[in-house]
Every structure is written in C-alpha cells, then in structure tokens.
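Please read the structure below before turning to the comments.
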Amino acid sequence: MTAVPPVEQRADDRARRPEPFAAPKGIPEYLPPDSAGFVHVRDTLAAAAARAGYGHIELPIFEETGLFARGVGESTDVVSKEMYTFADRGERSVTLRPEGTAGVVRSVIEHSADKQGLPVKLRYSGPFFRYERPQAGRYRQLQQVGVEAIGIDDPALDAEVIAIADEGFKALGLTGYRLEITSLGDADCRPAYRARLQDYLAGLDLDEPTRARAQINPLRVLDDKRPEVRAAMAQAPLLMDHLSEASAEHHAQVLAHLDDLGIAYTPNPRMVRGLDYYTKTTFEFVHDGLGAQSGIGGGGRYDGLMATLGGPELSGIGFGIGVDRTLLACGVEGVRPWSTARAEVFGVPLGDAAKRRLVTIAAGLRARGVRVDLSYGGRGLKGAMKSADRSGARFALVLGERDLAGGSIGLKDLVSGEQQDVSLDAVVDTVATAVAAELG
Ligand code: HAM
C-alpha cells in the first residue's frame, strides 16, 4: 500500500496538475451504474430485430462524403448543415456517418449481398454523428439501433419492420408512445404532387427563407411549426389524396397488416422526414414525455436508393431507433427493467493468505458464469463491505486468516443480512447454486 502524502503536499500536487479534458459538447456518455440502462435498451431493441431474422452488420464509422451527399440528399439539413466532414491524410473527403441506411445500402451493393437471396435483412447498432445544436435528447453523437430489409417490395415486410420497433419498445415496458404513419408515394405520383404543392405555395405570402426552402423541397413547408405558416398551409394539397393506385394499394395493405397485428397507428399526412430517400410507407414513433425531441424512432421505404447509389433496382425499408431518446423515455415513464449490479458476489479477503485463496475462488465462480468482484488494496472489513454494497452484489464472501485455518469462509446474504459459514472446498458449488436460484 502506498502512504498518503501530507495535506500541503497534496494541494501542491493538485496545483501542478494540467487542466483535465472534457468530452466534446453535446455527447452523452454512459457510465456505470447508468450505462446498464443504455446497454439494456440497445440490446432489447436489437434482440427484437434478431428474432425476425435480421443479421448483424458492422459498418464503417466514416465513409466517403459523396455517399451521404448522394444517398441522404444534398438539400437535407443532415447533409447541408450537420455533417462532420474532413479531409483525411490522403486528402480524401470523409464524413462521420450521420445515419445508417446509406452505409448499409453501399455495403449490400459492394458485397453483392442481394445475390444471396432476398430480402437482405440486416440490423446494426452504434453511434452516428450530426452537428446539431445540443439540447436534451438532441446530441452530436447519437446512438441508434436500426434495421434494413432490401430487395422485396411487400407490404407485409413494411408491417414487420414497424412491428419489430413496436415490440422492442413494448419489451422495455414503454407505453407512452404512438406510431405515426403516412405514405410519401412513388415516382408515378410524387412529381405531379410536388408541382401541385409548389403552385399552392406560389400563391402564399411566405417570407424569403421559406420560399427558398419551398423551391428546394416543397414538402418541408408542410412540417413548418410556426402558427402563421401552419394556418397558411391548412388548405395545402396532401400527397395522401394524390397517391398513385399502386402506392394507395400498398399503403392500405400495410395498414391492414398493422390492424391484424393489433398495432395502433395515427395517420399523419403532413409527416416530413429529414432524409430525402423515402418513398411510400413512412413512419415515426413519437413519445409525448420528451418535449421537443419527441421522435424515438423513424423509418420508411426507400425504393430508389439502391439504384441511386449505383446498385440494382431494388426496393428497401428500414428504421432507426434512437437509443438515447428511448432511454430518456424509460426515465420519463419510470420503467427500469434492468439491474445496475456489477456483480452477484463480492469477495472480501482479510489478509494476504486469504487474498490468494479468494482470488482462486473468484476465478472458479467466474468459470461457472457468476459475476464476481473482489476488494483489492488490502482494505479493512468496513471499507470492503461498503464496496460490496456499491457493487450491487447479492452475496459477500468474507475470508479471514482464522476462517482459512479452519477451512471455512463466511457467506453473507447482503439483502437479508443472514450469514453462514461454508466449507472452503464446497464454496464454489454452494455459491454458484445460490446465485442460480436467485437469478432463476
Ligand atoms: P432519423 O429519423 O434521422 O432516421 O433518425 C432515427 C432516430 O434517431 C430518431 O427518431 C431519433 O430517435 C434518433 N436521433 C436522430 N437524431 C438525433 C440526435 N441528434 N440526438 C439524439 N437522437 C437522435 C434515420 O437516421 C434513418 N437512417 C432511419 C431509417 C433506416 N430509415 C430507413 N431505414
């Protein structure tokens, strides 16, 4: 053990230390015990996708910038304002991925994954990067769990994708969310509708920035939150009223599947997503307890994206769920279906010989799948028991020199306070069985 220096010397040492660093702005970090919630939310959402046959794909964190410019759309805020783009040391322009769909589609094309049978069903989880104005629920490094199903244009697949997200939220115990859904049509009805909407917008008294936005993407004006623009848009034509026969039929079938599955939905014909690739089915999961950043997940079809990115003419549908926001939603609803315990058993050795023996007992228990932590640094019983409580362990194993000589070890149930002596030869079996009974 190292000796503690006197108080004055410690103050001197502190003054000499360099300024500590802080994480970049707008990035949530998850440390124990809270990270247990993050991991549980992420894994629960991904497990729902795995149960529907979506295989894991591990994608690059950065890609060639052009992939997002072409795939997500130059006119979107994500591409025009929010990308982390830089030149690498070889002077190539690369971008930290702002979303997952473009990368998945790129990878499917590059590896001809569509030749192995359709649909190609993939799931992913990890960080994405958007240079947004940070606020509660809106981060510059955001975490998503996503799925993509590429190559089959079947309304049942749209319903499956939506059902996976819904199941994931339900498995977490969430109830305060709703599904909003619409259709953004197809190449047969979108251009005519766009022209119709532009005509309508031309007749309105809009300010210059809104007019400019209307030129690039008139659909965005439908989503304008300002009351005066909302009022002006009240009579605007809606794409849902001008769908092609094929899109209307597709949409009706998706809704019928959702009815069959008992998944409630709210039609939102004014929904506008921040990414340009959407066609037909488009949806968002909204949680009302989260204030302005209420979207906990969203997705839709992107039937032109494979071809736009140089691949075969294949359809696609998927979603991205915000893990950070879903975790916030759990907090708002007070659901906490995870344990923050780091270990089931905490070992407290009192003396060097006891430590040697407990280290091997811990290894034996770990080999049986039991999570075990130990007190290190020769701490006394009181401090070590405090660590045991902090670890969240159910049991403590306390081994003193006298126990060791007598061939036994103290096993304490940290919930009931009961304590018993267990033979050292049987301790691994006894504790592994007790833990299994607790977890069972
Ligand atoms: P997105 O709507 O841009 O879609 O993002 C999906 C989810 O990620 C959002 O609903 C939200 O929960 C979360 N999210 C987005 N931005 C932030 C942020 N700045 N901070 C915290 N959470 C955020 C996509 O990314 C599409 N790739 C989804 C998709 C997959 N569509 C088809 N396939």
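Ligands are counted one by one from 1 in listed order, and the atoms in each one are counted from 1 as well.
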Subject >> E167 with R51: basic N within carboxylate O range, under 4.0 Å >> reply: yes
**OP:** Could you label the plane-to-plane angle of the W338 and H40 rings as parallel, tilted or perpendicular, counting under 30° as parallel and over 60° as perpendicular?
**Re:** tilted
**OP:** Answer with yes or no after comparing the ring centroid distance for Y177 and F169 against a 6.0 Å cut-off, counting only values under it.
**Re:** yes
**OP:** Enumerate the protein residues lying less than 4.0 Å from ligand 1, judged by heavy-atom distances, in chain and residue-number order.
**Re:** E99, T101, Y124, R130, E132, G137, R138, Y139, L142, Q144, E148, R273, L275, Y277, Y278, G295, I296, G297, G298, G299, G300, Y302, G318, F319, G320, G322, R325
Subject >> Neighbour count >12 (heavy atoms, 6.0 Å) for atom OH, Y265 >> reply: yes
Subject >> The single option from E148, E64, E63 passing salt bridge (charged side-chain N to carboxylate O under 4.0 Å, His left out) against R106 >> reply: E63
**OP:** Mark yes when over 12 heavy atoms from residues, nucleotides or ligands other than R190 sit less than 6.0 Å from its CZ; otherwise mark no.
**Re:** yes
